[in-house]
Every structure is written in C-alpha cells, then in structure tokens.
Amino acid sequence: MATPKRTSPASNAPDPRLRFDPFGFRKFSRDFFRQDTVSVARAIIGAWLARRHKNHWYGARIVETEAYLGAIDAAAHSWRGRRTPRVEPMYLDGGHLYVFLVYGMHSCANVVTGPAGVAEAVLLRAAEGPEGTPPKFLSGPGRLCAAFGITVAASGIDLLSGGDLRLFQGQQRNIGISKRIGVEYAGEAADWPLRFFDKDSAAVSGPLRLRTDL
DNA sequence: CACATGATCGCCT
DNA sequence: GGCGATCATGTGG
C-alpha cells in the first residue's frame, strides 16, 4: 500500500512557550477595527494576539504589521475588487480574521479592517514572545502562525465573538514606518509606507535597512 | 549583512 | 501553467 499521506490538521497546537494569562486585558471594540486600515495597523503594534487551546491561553505581543488597502492596492489579494472563495473573509466586517497560504507551506494571518464590504486587512508580520523565547521565534508571518498553530481553517472567524482567537489592547510603542516586504511585483504600491513596527523590538522581521523610518 | 536558491501547492488566468 | 503578503540554508563581502 502507498505511503500514508499526511493530512493537514484543521488546527495545530500552539507552542507551549506562549502560555500566558489574559486576565485584566482589555478587548477592542468593533468600531476600532472599522477604522481606516492604516490607523488599525499602527494601533495594534503592542497589542496582544491570544489563543485558547484545551482550556489554556497562549499569547504574544504584536511588533510588526502591514496594511493592505483593498481594491486600489496591487499588493492586496482583493485588488480591483477581486472576490474569490479564498479572499471572501476580507469582505467581512472589521475584526474578523483572514488567513491564507503562501508558497504552498506558510500561513499568514490578517485582521480584517473597515466595515463589511470593504476588503482591507492588516497582516500580522511578527510578535514578541515571553522573555526567554528566541527573538526570531515569532519573527515573520509564517513563523507567527506556526507558533500559534493558526491555519487556513481559521480564516473567516470573528475575533470579537468570544472564540478561541482574540486580540487584546497593549501598551503604546515607538513606531517605525517603511514600505512593505515581499511585494516588489505590485508596481507603485510596492513603495507605499504601509509597514509598521516596534522600533525597540528585536523580533521585527525583514532586512535591517527597513528598520528605520523612511 | 546582502543576496540567491530550493521547497511545495493552492489559486488564479 | 505560472507564481506567490515565506523560510532555511548556503555563499560571499
């Protein structure tokens, strides 16, 4: 008989090093996510991504994001209003999650922004784990998803309806701005200053030259 | 650190 | 059929 084919699980277990206690954290309002996408991308630097798994909580502080501006943005999956099953979650109300697979192997998680029908989102590019975890542990969208066990099975879920994935408010940070990473094909949009990062975090991804303001 | 390359497959044209 | 909102590894400066 043939070699057993490995089936990808609906959702993977989060890394145990991310255990944390969400007690006392404040949640965001729906209207917060309905703001313009750039504001949200900036504002969630320092916020906490959290996941519940088998009655335990796991979390990390977001240190790097990118804004994707929908129909007008050649780097966005919803460019020119493109509407396919994969991209459909981008059209949901602000506060939902959009997850996609790149290069056949890495998941990327986005927070949907704007009101329903506006297909914009914020890509979560990197986070900082608890002290003691390697600086690059959650550095890069693929690694962040892998550590949290987030897969495309989570695409379309609501972060505000009491589910297993949530976003909590954090502390204000020193914000740096640059162009986005890995979108060179997007023409003029490739140079738009839509990447935001915590200047004081070692967990930020990408080349060093993109770690300073424009 | 910068740059090049291979891995690997769902999605779109 | 081609190509990515990436990552790990290897080379060279």
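Per chain, numbering begins at 1; letters A, B, ... match sequence-line order.
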Aro-ring/base stack A:Tyr103-C:dG4, d under 5.5 Å, angle under 30° |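 The base of C:dG4 is not stacked with A:Tyr103 (the test needs centres under 5.5 Å and planes under 30°).
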[options]: which one has an atom nearest the side-chain heavy atoms of [X]?
X        : options              : result
A:Val87  : C:dA8, B:dC12, C:dA5 : B:dC12
A:His106 : B:dA2, C:dT6, C:dA5  : C:dT6
A:Met105 : C:dA5, B:dA7, B:dA2  : B:dA7
A:Arg143 : B:dC3, B:dA7, C:dC7  : C:dC7

Under 6.0 Å from the CZ atom of A:Arg30, do we count more than 12 heavy atoms belonging to anything else shown?
-> yes
To the nearest angstrom, how far is [X] atom [atom1] from [N] atom [atom2]?
X        : N     : atom1 : atom2 : value
A:Tyr185 : C:dT6 : OH    : C1'   : 12 Å
A:Trp79  : C:dG4 : CH2   : C1'   : 14 Å
A:Arg86  : C:dG4 : CZ    : P     : 12 Å

Would you mind classifying the nucleic acid contact of A:Arg82 as base, sugar-phosphate or nothing, using non-hydrogen atoms under 4.0 angstrom?
->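 Sugar-phosphate, no base atom in range.
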Would one find a side-chain N or O of A:Thr84 under 4.0 angstrom from OP1 or OP2 of B:dC12?
-> yes
Dot-bracket for DNA chain B, please, read 5' to 3', with Watson-Crick or G-U wobble pairs under 3.5 Å on both distances, ( ) within the strand, [ ] crossing, | other strand, . unpaired.
-> |||||||.||||.
Specify whether A:Tyr58 and A:His56 have parallel, tilted or perpendicular ring planes, treating 30° as the upper limit for parallel and 60° as the lower limit for perpendicular.
-> perpendicular
